[in-house]
Each structure stands twice: as structure tokens, then as C-alpha cells.
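First comes the structure, then the notes that go with it.
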Number of protein chains: 2
Amino acid sequence: MVLISEDNIATSQAIAAELKENILAGKYQPGARLVQDELAEEFRASRSPIREALRMLEADGLVTIKSHSGAWITELDFAEFEELYQIRERVEPLMLRLSIPHLTTKLIKELEATLEKLNEATTVQQFLKLDREFHLLTYEGAATSYLGDIVQRMWNTTQPYRRRYSQILEREHFTSAHLEHTLLMNAIKRADLDDAERILFGHIRRTRLELKDIKE
Amino acid sequence: MVLISEDNIATSQAIAAELKENILAGKYQPGARLVQDELAEEFRASRSPIREALRMLEADGLVTIKSHSGAWITELDFAEFEELYQIRERVEPLMLRLSIPHLTTKLIKELEATLEKLNEATTVQQFLKLDREFHLLTYEGAATSYLGDIVQRMWNTTQPYRRRYSQILEREHFTSAHLEHTLLMNAIKRADLDDAERILFGHIRRTRLELKDIKE
DNA sequence: TTAGGTTCGATTGCATCCAATCACAACAAA
DNA sequence: TTTGTTGTGATTGGATGCAATCGAACCTAA
């Protein structure tokens, strides 16, 4: 009798998962080449599951495949980065709206704990990690099948760039973020859907514009 | 000297493209099983490119793969269908906004021609085909790298269901659509971004709600 | 009858080998 | 120099064979 249906994961999926971790952790630079043979050796597998894993990561937006040529860590120019933020502005408020009514008290406590740690973060590293954790937690209540994928994908592909750009952000940015996070938390606790949407929209939009300023 | 860089397409890509056409044309019912061996025979290829093609279609949302089990034409329950429409409401107005400023006069003429044909459509088949054509054309000016994929993906996966549900829509629905399309066309010609966004949002939303009514 | 276990055919997943393609360097011609 | 051509090594793409896995029918025992 099997209690937990462990869904016998294929090795291609395991490889994809591990590669994904590595990429998100910043092991590879955007634009870095991924050679099938090298990966095969690294993961002690043949090239077949590697190829499949690369296709999966392509679907996640982490890797870009060019036929007969190779695979690279996805690289964004600033226009693409900006585009992704514009999509986030539209899409994440919807996800938040769908999530809030189903947030359990346990999740809300978790959220508050994360927010507290986020406010005490001293390094940019910590800030980014906890910021991601906080926002994705606010979406936890949304039982979606597509929206969640889209949102995750955008957080994934923009990850290396958030890291890169955040280094040069002014202190002001972080205090604004801090205030907005607190407002968002309150709106969530009040279950005020419209207000929460509006705050989140503004939060993402402001970040986009500040990053754009840096670029110019 | 090669003038058109024909980007030597791998057979896996060709297979993916053809399969995609078939699926969108309704050759397979949602939920239909896709067996690798059968497809391999049909396309006179081995299973390797078939597997890759299936992964690509999975990324397009057209196919759902379950490990060690098989691939099926993606099937949506009504909740998922509704979710996709809610995403469309948020995302397509953005795409329209990014598109309008770059629409050439040639494209606008094409749009008007399509709209005219759309208004004269007599069968549901024709209506669906031209409706898709019209809307996707309005986005043609947007030079996006991600948004376009997302939007296309949603039109793709909901295609069989639009076909199914449209059969039972009231005449009223089509007259509303007709009016909204005309308003949209005018807003586009005026390059009135806000108005265009609003009309499109309402258009998608109304469709979603009418389809929901049918279901109940 | 029904719940649980077992077997077996069908199908997917992976490894290996060979073919196709590309990128780059070396060379030739203007 | 610059442009075009040709070869060659590295790498990806595809075919094939075998192993792993699933699920459904069949059996067994209560």
C-alpha cells in the first residue's frame, strides 16, 4: 500500500529541477552556454534526459534553445525586462485577488513572520530572497492552474536581473518597498481586494520605473 | 549567398508545427491520447523527434504530459477556462496598448477588411475564425517577446472550447460582439489607448460571463 | 460479491550509435 | 585589407534497442 503517491519522477525531471535550482541560485550567468555532453557528464546520465530537461526549462523561460546550435541561459535586454514587469503589473494583482479569500490564518501568520524578517534584512541578498518569498506566499491561496505558472515563470526569468540591478538601487527604494509591503499586508488582513490590487500594482510599477531611471 | 536565413528547421519542430495545426483544427478531441509510436508512424519519424515535439506543444499548453504514462490533448474544465479568460482580460488590453502606436496604415486597412468580413459571417465556424484573426491582428504592432506568446497560448488552449460553447450562444451575444468590435476599431483608428483598453476588457469580460451563464 | 494482490502486454524513458549541421579558421581571390 | 569559399572539428538531431513503469485484466481469499 502506497500512502503518498510519490509520482515516480523521471530522471529528466530530476535533472530539470536541479538545473533550475542552479540557475536561480546564479550558478550560471545569463547568456552562458549549456553543452549537452557536459551536462550529461555532470549528471551522470545520457544526453536524452538532458535534452528533455532543457526543453522543460525552455518552457519555464530559463533556457533558450536554438535549433542545431545549442542552449543558453535566457538573457534579457532591458526592453524585455520592462515588458515582463508590465505583464506582472497586470497579472499579479489578479492572482492576489484570487488568493486572498482562501488564505488560511496559518498562512497569514507565516506572511507576517516573513514580512518581519524582510524588514530586518540587512543585505541585498537577504532582501531579494525574502521579497520573493513574501510575494509568492501572498499568492498561495489562489488555486490556479495557469496563472501560477505564468507568475512563477516571470519571477524566474527576471531573478538574475533583480539581483544585478538591486545592487545599485538607492536606499529610498527599500524604504518605499518597506512601506508598500506593510500596506499590502494590512489590506490582505482586511481582505480588501480592491485596495490590495491597487497597492500591488503600484508596488510593481514603481519598481519598474525606478529601475528604468537607473538605466538612463 | 543565402538571402532568407531559412533557419534550418529541425524535423521535431516541423512535427510540432503540423501537430499544432491539427489540434487547433480540431482533429483531436480534448482529452484524446497521443501515443508516441502512432505519431512516429504517422510522421514517418522515430520517437525521438516526436517526444521533443510533444514537449514543445506542452510548452504551448496544447498537450499535457504525465511521466511514465503518456500525453493527452489538454483538457480544460470550466474553472480553468474561466481562469484563462480572466487572465486575458488583464493581459490583452496591455498588448493592445503596446500595439496601437505601431500599427501601420496597411495593417489598419487589413483590420477593417477583416472586420467587414466578420460582420458578414453567417456560420459560427466563420465567426470564430475571423474573430481570432481580427483580435490577433490588432496586436500585430506590439513588438513583444513574451506577451505575444502568453496571449497566443491562451487563444490556442481555449480554441476547442470556444468552438464548443459558441454553438449554444444566443443571437444577442453576436450582436454585442459586433458592436464592441466596431467600437474597438474606432478607438484604434483614433489611437485612443485608454478607450481601446476599456472596450477590450469589457468585451472579454462580457463573453466570459455569458459563457458562465450558459453553464448554469 | 468485493477488496487486495499478481501477472503481463503496452507504452514510455533512457543509453548508445550514427548522421546532419553549424561555427570557425585557414585559405584564395579581388 | 576585405570578401568569399572550403574544409574540419565540435555539437546537436535522430534512429534504434533495451530497461523501467504503468494499468488493466485476471486471479485469490475472505
Side-chain angles (χ1 to χ4, degrees), chain A residues 1-20 22-23 28-75, chain B residues 1-20 22-23 28-75:
Chain A
M1 178 179 58
V2 179
L3 280 177
I4 303 161
S5 90
E6 266 271 16
D7 239 2
N8 212 318
I9 255 44
T11 60
S12 62
Q13 288 174 55
I15 292 173
E18 196 169 337
L19 249 180
K20 183 171 177 175
N22 288 344
I23 296 172
Y28 306 91
Q29 290 299 312
R33 171 88 186 266
L34 295 170
V35 178
Q36 296 178 7
D37 272 323
E38 291 172 9
L39 293 174
E41 195 175 352
E42 186 180 339
F43 288 102
R44 272 161 247 278
S46 83
R47 274 173 46 225
S48 319
I50 301 289
R51 294 173 62 92
E52 301 235 343
L54 289 175
R55 287 269 175 232
M56 296 182 209
L57 295 179
E58 189 188 27
D60 281 344
L62 289 171
V63 159
T64 305
I65 297 178
K66 199 178 146 199
S67 115
H68 287 290
S69 175
W72 289 266
I73 304 292
T74 299
E75 200 169 17
Chain B
M1 181 177 58
V2 179
L3 281 177
I4 303 162
S5 89
E6 266 271 16
D7 239 1
N8 213 315
I9 254 47
T11 60
S12 60
Q13 288 172 54
I15 291 173
E18 195 169 335
L19 248 180
K20 183 171 177 175
N22 289 344
I23 295 172
Y28 305 92
Q29 289 300 311
R33 171 88 187 266
L34 295 171
V35 178
Q36 295 178 5
D37 271 324
E38 291 173 9
L39 293 173
E41 195 174 351
E42 186 180 340
F43 288 101
R44 271 162 249 275
S46 84
R47 276 172 42 224
S48 323
I50 301 288
R51 292 174 62 90
E52 299 234 345
L54 289 175
R55 288 266 175 236
M56 296 182 210
L57 295 179
E58 188 189 28
D60 282 343
L62 289 170
V63 159
T64 305
I65 297 177
K66 200 179 145 198
S67 114
H68 288 289
S69 175
W72 290 266
I73 305 291
T74 299
E75 199 168 19

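No experiment lies behind these values; they were computed from the predicted model shown. Numbers restart at 1 for each chain; the letters A, B, ... are given by sequence-line order, proteins then strands.
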Under 4.0 Å from OP1 or OP2 of [N]: is there any side-chain N or O of [X] that close?
X       : N      : answer
A:Ser46 : C:dC14 : no
B:Ser12 : D:dG14 : yes
A:Arg51 : D:dG13 : yes

- Item | Given C:dG13, D:dG14, D:dA15, the nucleotide with the shortest approach to the side chain of B:Thr11 |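 Side chain of B:Thr11 sits closest to D:dG14.
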- Task: Side chain of B:His68 only, please: which of D:dG14, C:dC14, C:dG13 is the nearest?
- Result: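 From the listed options, C:dG13 comes nearest.
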- Item | Working for side-chain contact (heavy atoms from CB on, under 4.5 Å), residues B:Gln29 and B:Ile73 | CA-CA 7 Å; B:Gln29 289 300 311; B:Ile73 305 291; over 6 Å; no
[X] [atom1] to [N] [atom2], straight-line distance once rounded to whole Å:
X       : N      : atom1 : atom2 : value
A:Gln13 : C:dT12 : CD    : P     : 15 Å
A:Ile65 : C:dT21 : CD1   : P     : 18 Å
B:Arg47 : C:dC14 : CZ    : P     : 11 Å
B:Glu41 : D:dT16 : CD    : C1'   : 16 Å
B:Lys66 : C:dG13 : NZ    : P     : 12 Å
B:Glu52 : D:dG13 : CD    : C1'   : 8 Å
B:Leu54 : C:dG13 : CG    : C1'   : 13 Å
A:Ile15 : C:dA15 : CD1   : P     : 8 Å

- Message: Counting the atoms with a prime plus P, OP1 and OP2 as sugar-phosphate, which does A:Ser69 contact under 4.0 Å by heavy atoms, base, sugar-phosphate, or nothing?
- Response: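 Answer is sugar-phosphate: A:Ser69 comes under 4.0 Å of backbone atoms only.
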- Atom CD of B:Glu42 with >12 non-hydrogen neighbours under 6.0 angstrom: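 For B:Glu42, atom CD is crowded (more than 12 foreign heavy atoms under 6.0 Å).
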- Query: Do A:Tyr28 and A:Leu19 come within less than 4.5 Å of each other through their side chains, counting heavy atoms only?
  - Reply: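 Of all side-chain heavy-atom pairs linking A:Leu19 with A:Tyr28, at least one is under 4.5 Å.
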- Item | Heavy-atom check, side chain of B:Thr64 versus side chain of B:Glu75, under 4.5 Å |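 They are not in contact (no side-chain heavy atoms under 4.5 Å apart), so the answer is no.
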- Which is it for B:Val63 and B:Ile23 under the side-chain contact (heavy atoms from CB on, under 4.5 Å) test, yes or no, and what are the steps along the way? CA-CA 9 Å; B:Val63 159; B:Ile23 295 172; 4.1 Å; yes
- Task: Any chance you could lay out the side-chain contact (heavy atoms from CB on, under 4.5 Å) test for A:Glu52 and A:Ile15, step after step, and finish with the verdict?
- Result: CA-CA 9 Å; A:Glu52 301 235 343; A:Ile15 292 173; over 6 Å; no
- Query: Under a 4.0 Å heavy-atom cut-off, which of residues 29-39 of chain B touch DNA chain D?
  - Reply: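 Heavy-atom contacts with DNA chain D come from no residue of residues 29-39 of chain B; none.
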- Message: Under a 4.0 Å threshold between the charged nitrogen and the carboxylate oxygen, would A:Arg55 count as salt-bridged to A:Glu58?
- Response: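 Yes, charged N to carboxylate O under 4.0 Å.
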